[in-house]
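A short write-up of the structure that comes next.
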2 protein chains.
Amino acid sequence: MPKVVDHQARRVQVADAVQELITEQGLDRVTVARTAAAVGFSVGNVQHYFPTKDEMLLFTHERVVQKILDRVSTLGERATRQQLPIRDVVVEGLAEWLPVDPRRRSAHRVTLAFLGRTVDNPRLARSHAETGRLIRSMLATAVRNGKECGEVPQDTDHGLAALELHCLTEGLALQLGSEPDATASRAALDLLTARVQNAFPGRCRQYE
Amino acid sequence: MPKVVDHQARRVQVADAVQELITEQGLDRVTVARTAAAVGFSVGNVQHYFPTKDEMLLFTHERVVQKILDRVSTLGERATRQQLPIRDVVVEGLAEWLPVDPRRRSAHRVTLAFLGRTVDNPRLARSHAETGRLIRSMLATAVRNGKECGEVPQDTDHGLAALELHCLTEGLALQLGSEPDATASRAALDLLTARVQNAFPGRCRQYE
DNA sequence: CCCATAACCATATGCTCATATGGTGAAAAC
DNA sequence: GTTTTCACCATATGAGCATATGGTTATGGG
């Protein structure tokens with residue numbers, strides 16, 4: 001066997017370039033040639049790691065979403081260790097979806113660009129729906145945990161609360177995406193915090 | 001002068017075909033040739049009414065948004081005549097943005113497809129931001145009116161309430177767009193109604 | 001009756017792009 | 001040291017498309 005290369009690493013390298021291209025120029029200015037130039041690969045070499053452009057784009061999309069989900073998980077673990085109120089974790093987790101700094105703005109622009117393609121791409125549509133379900137189920141779990149520990153009133157409908165927080169966050173993200181100033185970011189975070197506080201008004205018994 | 005034709009009518013005819021194409025196949029399957037075929041025009045004739053494809057698309061977008069806004073206006077006028085509670089008008093107005101029936105689903109798919117292009121098209125981005133501002137300002141006015149007539153508590157922040165209702169609606173629209181079943185529609189409308197009820201809990205004094 | 005002109009058409013042109021093709025080089029296995 | 005095979009490359013190929021071009025038709029004004 002000849003020279004051996006970490007395929008996954010190369011694919012990630014390409015995907016990162018695609019993410020940057022989408023962030024700065026939008027999805028339909030992404031071409032295989034431009035991507036190759038951005039990573040410093042030849043067109044043929046990009047083809048070597050991604051047989052089709054579609055695969056390249058899908059991979060990039062999955063990766064961007066996964067990076068956000070990973071951060072949310074990390075957040076959750078840290079919170080468990082430090083015994084933070086669930087409410088705070090939920091706020092921070094949802095804030096990962098808001099375009100409030102360059103990193104999150106990039107992720108938002110990419111997901112938004114792909115969101116527009118769900119109209120004609122069933123695979124993207126499915127992926128998007130599934131991510132949504134995942135987020136809502138995580139939120140619902142948070143609410144149920146909140147009930148157990150005393151942060152959430154017993155009569156709260158966890159499905160409904162999850163739906164509301166998720167929708168509010170997505171709406172805020174869209175709004176910030178087109179109105180990207182510091183005041184708007186502040187307002188969005190305030191509103192988000194207020195609504196989460198509303199759903200988690202109590203105090204966790206276990207930490208007293 | 002030769003045969004005279006209602007230009008605006010032709011442009012609308014083309015735009016309607018574009019809307020249908022986007023709804024069913026997505027924005028990047030729209031070509032001038034396919035559009036022409038859909039209206040029963042020649043390519044050249046479409047060019048006669050829209051010198052460039054971009055103009056054709058922008059016009060279609062504007063038209064779809066305008067149709068929704070017109071419906072909302074009509075709703076407002078009818079409500080004033082019939083002295084309906086503001087809360088009900090707000091719910092119905094916001095529901096115009098939810099993909100809960102074929103007409104609204106079509107509008108939603110079109111706006112979503114264009115939304116994805118705001119990433120690289122500043123003109124679309126501006127248009128989208130402006131529409132958002134308009135919606136929020138209408139909502140803020142509704143809240144202020146609600147205060148005057150007694151439906152809304154005096155200490156409500158109308159800007160914040162408007163932002164919340166707008167974001168919630170956009171989030172719900174996205175969610176329904178990817179989960180288009182009757183149960184989800186019901187849940188979305190229920191949640192929307194509940195949140196509006198929350199902002200407009202009182203009774204209008206003037207109708208007593 | 002005539003001609004200017006809007007409406008409309010078929011097809012040409014030229015660009016961009018994804019993907020195909022036919023390579024080279026180098027290193028590991030034997 | 002030869003062979004195999006992976007990594008990588010330059011360029012060819014051909015499809016799809018927006019737009020340009022050079023028409024024809026028909027109608028209302030003179």
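Computed from a prediction, not measured in an experiment: that's the story for all the values here. Here is the naming used below: chain letters follow the sequence lines, and residue numbers restart at 1 for every chain.
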Rounded at 0.5 Å granularity, tell me how far OG in S185(B) sits from CZ in R105(B).
7.0 Å

With ring pair (Phe, Tyr, Trp, His ring centres under 6.0 Å) as the rule and sequence neighbours excluded, what pairs involving residues 92-147 of chain B come up?
H61(B)-F114(B)

For residues V152(A) and I86(A), determine if any side-chain heavy atom of one lies less than 4.5 Å from a side-chain heavy atom of the other.
no

Minimal non-hydrogen separation, S106(B) against T23(B), with atom names:
OG-OG1, 2.9 Å

Sequence neighbours excluded, every pair satisfying side chain to side chain donor-acceptor pair (under 3.5 Å) that has a member inside residues 26-39 of chain A:
D28(A)-R117(A)

N/O (side chain, H7(B)) to phosphate O (OP1/OP2, dA7(C)) under 4.0 Å
yes

For nucleotides 8-23 of chain D, give me one character per nucleotide, 5' to 3': B if any protein heavy atom sits under 4.0 Å from the base, S if the only such contacts are to the sugar-phosphate, - if neither.
SBS------SSBB---

